[in-house]
Student: 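There's a structure below that I have some questions on.
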Amino acid sequence: ERNSLQKQIEASEIYGTINQVKFNSNKETINKLIVSPELDDSKKSQSRVLISSSESNMQKAKELREESYRAANLSGRLGIMSNAEEKELMALSEQSKAIDILFKKPKSGV
């Protein structure tokens, strides 16, 4: 069982690294899109709310991962890491929604 838990923890650490890379890549995309002069204030405002929430969730995930290393046992560590993964997925989902909002072209009144 110990070996199984260790492998799951290693997988979670890899997953966390991948999520951080995706988060950083999405952040670059958002920073490029949000400065568009064609973007209306409503879309900027909606996006900023999502961006703020995504950054908060990613920070919480980072704190959870750090907390997991202080866990008394492997199952506790894995449980905390699972919570971190949930926060990372929430952050990535919020970024994706922000990108969708920023990427949509204004509809013409034809």
Side-chain angles (χ1 to χ4, degrees):
E1 183 182 346
R2 179 175 170 78
N3 195 29
S4 174
L5 286 173
Q6 190 61 45
K7 291 294 181 191
Q8 290 176 32
I9 289 169
E10 289 172 16
S12 180
E13 289 171 337
I14 292 168
Y15 195 60
T17 300
I18 291 168
N19 286 339
Q20 186 64 55
V21 169
K22 286 180 184 177
F23 183 83
N24 292 341
S25 176
N26 286 346
K27 194 171 183 176
E28 286 181 33
T29 300
I30 288 167
N31 288 339
K32 290 175 185 172
L33 292 172
I34 205 159
V35 296
S36 169
E38 299 170 9
L39 199 60
D40 64 57
D41 287 339
S42 172
K43 286 185 178 186
K44 282 184 184 180
S45 178
Q46 289 175 335
S47 298
R48 285 190 174 116
V49 168
L50 288 165
I51 292 163
S52 176
S53 182
S54 74
E55 289 175 353
S56 175
N57 277 317
M58 203 58 164
Q59 181 60 38
K60 287 176 189 169
K62 180 181 177 184
E63 291 167 3
L64 284 167
R65 286 195 179 276
E66 290 169 359
E67 179 186 333
S68 76
Y69 294 112
R70 295 187 299 271
N73 57 51
L74 292 179
S75 60
R77 180 180 295 176
L78 183 59
I80 296 169
M81 285 185 156
S82 294
N83 293 339
E85 287 178 28
E86 284 182 34
K87 291 292 184 188
E88 290 163 354
L89 292 177
M90 288 172 61
L92 293 172
S93 174
E94 290 163 335
Q95 282 185 322
S96 180
K97 289 175 187 173
I99 289 169
D100 287 346
I101 291 168
L102 295 170
F103 220 35
K104 287 183 183 172
K105 300 289 182 203
K107 294 179 182 171
S108 60
V110 178

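Just so we're clear, the structure is a prediction, and the values are computed from it rather than from any experiment.
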Student: Could you work out, with side-chain contact (heavy atoms from CB on, under 4.5 Å) as the rule, every residue matching Ser36, not counting sequence neighbours?
Tutor: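 side-chain contact (heavy atoms from CB on, under 4.5 Å) check on Ser36 returns Glu38, Leu39.
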Student: For Ser47 versus Ala98, what's the shortest heavy-atom pair and its separation?
Tutor: OG-O, 3.8 Å
Student: Only pairs at least two apart or in different chains count here, so list each salt bridge (Lys or Arg N to Asp or Glu O under 4.0 Å) that has a residue in residues 46-58.
Tutor: Lys27-Glu55
Student: Within this structure, what is the CG-CD distance for the pair Asn3 and Gln8, rounded to the nearest 0.5 Å?
Tutor: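 With rounding to 0.5 Å, CG (Asn3) is 10.5 Å from CD (Gln8).
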Student: Nearest 0.5 Å, what's the CG-NZ distance between Leu89 and Lys22?
Tutor: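 One gets 8.0 Å once the value is rounded to the nearest 0.5 Å.
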Student: Is Leu50 isolated, or which residues cluster with it under the ILVMFWY side-chain rule of less than 4.5 Å, directly or via members?
Tutor: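 Cluster partners of Leu50: Ile101.
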Student: Check which hydrophobic residues are tied to Phe23 through side-chain heavy-atom contacts below 4.5 Å, counting indirect links as well, and list them.
Tutor: Met58, Leu92
Student: Residues sharing Leu5's hydrophobic cluster, by side-chain heavy-atom contacts under 4.5 Å among ILVMFWY, directly or via others?
Tutor: Ile9, Tyr69, Leu74, Leu78, Met81
Student: Return the CZ to OG distance between Arg2 and Ser75, rounded to the nearest 0.5 Å.
Tutor: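 Those atoms lie 11.0 Å apart.
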Student: Ser93 and side-chain contact (heavy atoms from CB on, under 4.5 Å): which partner among Met90, Gln95, Lys97?
Tutor: Lys97
Student: Establish whether Leu102 and Val35 are linked, either directly or via other cluster members, by ILVMFWY side-chain heavy-atom contacts under 4.5 Å.
Tutor: yes
Student: Taking side-chain contact (heavy atoms from CB on, under 4.5 Å) as the definition, give me every residue that meets it alongside Ser96, ordered by chain and number, with sequence neighbours left out.
Tutor: Asp100
Student: Not counting sequence neighbours, which residues clear salt bridge (charged side-chain N to carboxylate O under 4.0 Å, His left out) with Arg65? List them please.
Tutor: Glu88
Student: Measure across Ala71 and Gly76 and return the closest heavy-atom pair with its distance rounded to 0.1 Å.
Tutor: CB-C, 3.9 Å
Student: Got a donor-acceptor contact below 3.5 angstrom from the Ser45 side chain to the Asp41 backbone?
Tutor: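 Judged by distance alone, no pair lies under 3.5 Å.
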Student: Carefully, step by step, assess Asn24 and Glu28 under the rule side chain to side chain donor-acceptor pair (under 3.5 Å).
Tutor: CA-CA 6 Å; Asn24 292 341; Glu28 286 181 33; over 6 Å; no
Student: Hey, what else clusters with Ile14 if you join Ile, Leu, Val, Met, Phe, Trp, Tyr whenever side-chain heavy atoms sit under 4.5 Å?
Tutor: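 Members besides Ile14, by chain and number: Ile18.
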Student: Can you name the residues that form a side-chain contact (heavy atoms from CB on, under 4.5 Å) with Glu67, not counting sequence neighbours?
Tutor: Leu64, Arg70, Ile80
Student: Measure across Ala61 and Lys87 and return the closest heavy-atom pair with its distance rounded to 0.1 Å.
Tutor: CB-CB, 3.7 Å
Student: More than 12 foreign heavy atoms under 6.0 Å from NZ of Lys44: is that the case here?
Tutor: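 Yes - once you tally the heavy atoms of other residues, nucleotides and ligands closer than 6.0 Å, there are more than 12.
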Student: Write out all pairs satisfying salt bridge (Lys or Arg N to Asp or Glu O under 4.0 Å) with one or both partners inside residues 4-15, taking only residues at least two apart or from two chains.
Tutor: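 Counting only pairs at least two positions apart or across chains, the salt bridge (Lys or Arg N to Asp or Glu O under 4.0 Å) contacts touching residues 4-15 are Lys7-Glu10.
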Student: Got a second to check how far Ile30's CD1 is from Ser54's OG, nearest 0.5 Å?
Tutor: 6.0 Å
Student: What pairs with Ala11 under side-chain contact (heavy atoms from CB on, under 4.5 Å), at least two apart in sequence or on another chain?
Tutor: none
Student: With sequence neighbours left out, what residues match Glu85 under side chain to side chain donor-acceptor pair (under 3.5 Å)?
Tutor: Ser12
